[in-house]
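Values reported hereafter were calculated over all heavy atoms of this structure, with side chains retained and with hydrogens, waters and symmetry mates removed. Every chain is numbered from 1, with letters handed out A, B, ... down the list of sequences.
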2 protein chains.
Amino acid sequence: MKKIVAAFVLSSLAGAVFAQQAIKPETMIKYRQSGYSFMSWNMGKIKANLEGNFNKEQVIAAANVVAATANSGIGMLFAPGTEKDIGDLKTRVKPELFQPQHLDKLKEVAGNFNREANELARVAATGDVAAIKVQFGKTGGTCKGCHDEFKKD
Amino acid sequence: MKKIVAAFVLSSLAGAVFAQQAIKPETMIKYRQSGYSFMSWNMGKIKANLEGNFNKEQVIAAANVVAATANSGIGMLFAPGTEKDIGDLKTRVKPELFQPQHLDKLKEVAGNFNREANELARVAATGDVAAIKVQFGKTGGTCKGCHDEFKKD
């Protein structure tokens with residue numbers, strides 16, 4: 001049962017596409033953490049631009065990383081075997097992410113993030129600072145929305 | 001002198017833009033490693049697609065991550081203070097990356113990667129598998145070109 005649910009979660013998050021790579025669970029955890037970490041740097045750059053001297057090209061580049069990460073199928077990296085710490089490798093994912101009764105919520109928060117991240121890239125390209133500020137807030141809100149549900153403090 | 005050189009390296013890699021964030025050296029090392037790690041997952045996905053069932057959308061998404069990472073100004077994360085391990089945090093960067101006599105080579109390999117990564121995203125969008133294979137090889141070659149010069153084994 002667990003496997004079927006996991007497959008459904010993955011297909012929901014990543015479309016109908018499955019990774020064709022054979023990746024160890026610990027490598028999956030590292031990869032997903034790297035994706036979120038690098039995205040965090042890029043969100044931080046956008047924030048710094050909105051609070052300081054605004055450089056349109058830097059904001060576009062950063063927003064493109066956020067959108068590309070959202071579109072990358074990062075949900076595939078939450079496969080069976082990645083629910084818990086593996087040796088010294090810690091994960092802050094909550095067990096709820098892998099539980100069928102939370103699947104609708106997972107799809108909702110993942111979908112929200114995808115939508116707003118892509119909209120952020122679109123709005124960044126316009127260079128409209130006020131609009132970017134609004135959309136940056138919305139995007140950050142969808143990060144928090146997922147963290148609240150599926151990430152330990 | 002060191003500081004001036006570093007500033008020149010950064011401006012060369014990242015255009016005239018400097019990060020407006022105050023980031024600790026150890027955080028910079030983590031961020032740059034996360035960028036390369038997540039890119040590695042995406043290069044691996046493209047490779048798996050070229051060797052197995054080709055899914056155009058997955059390849060486009062992965063190539064967009066590679067290009068967005070190349071365009072992100074990741075070179076900014078090689079700032080003074082990030083030349084060496086910091087406590088338990090290891091870096092495999094070679095000291096040469098921070099040395100003025102290697103600056104031309106650094107600009108060359110960084111420029112090669114940027115150019116080929118963006119070309120990979122462009123070619124991926126066409127869905128031409130043979131062309132993507134060629135361009136994937138070129139892009140991987142520029143990764144290796146930089147690693148050979150500036151990354152310890």
* To do: Please report the C-alpha distance between B/Q33 and A/K30 in whole Å, then the side-chain angles of each, then the deciding distance to 0.1 Å, and finally whether the side chain to side chain contact (heavy atoms under 4.5 Å, CB included) criterion is met.
  => CA-CA 11 Å; B/Q33 290 177 343; A/K30 284 180 193 167; over 6 Å; no
* Among the clusters formed by ILVMFWY side chains lying less than 4.5 Å apart, do B/I60 and B/M39 turn up in the same one? -> no
* Which residues from residues 63-70 of chain B are near chain A, with near meaning under 4.5 Å between non-hydrogen atoms? -> B/N64, B/V65, B/A68, B/T69
* Cluster link A/I46 to A/V129, ILVMFWY, side chain under 4.5 Å -> yes
* Quick check: does any side chain N or O of A/K45 sit under 3.5 Å from a backbone N or O of B/S72, one acting as donor and the other as acceptor? -> yes
* Supply the atom-to-atom distance A/L77 CG to B/F38 CZ, rounded to the nearest 0.5 angstrom. => 6.5 Å
* To do: Mark yes when over 12 heavy atoms from residues, nucleotides or ligands other than A/K94 sit less than 6.0 Å from its NZ; otherwise mark no.
  => yes
* **Value rounded to 0.5 Å, distance of CD in B/Q58 from CG in A/N71** => 12.5 Å
* Asked: Looking at A/S37, A/A62, A/A61, which one has more heavy-atom pairs under 4.5 Å with chain B than the rest?
  -> A/S37
* Asked: Using links of under 4.5 Å between side-chain heavy atoms of ILVMFWY residues, direct or through other members, which residues join A/I29 in one cluster?
  -> A/I86, A/L89
* Asked: About how many Å separate OG of A/S34 and CH2 of B/W41, when rounded to the nearest 0.5 Å?
  -> 9.0 Å
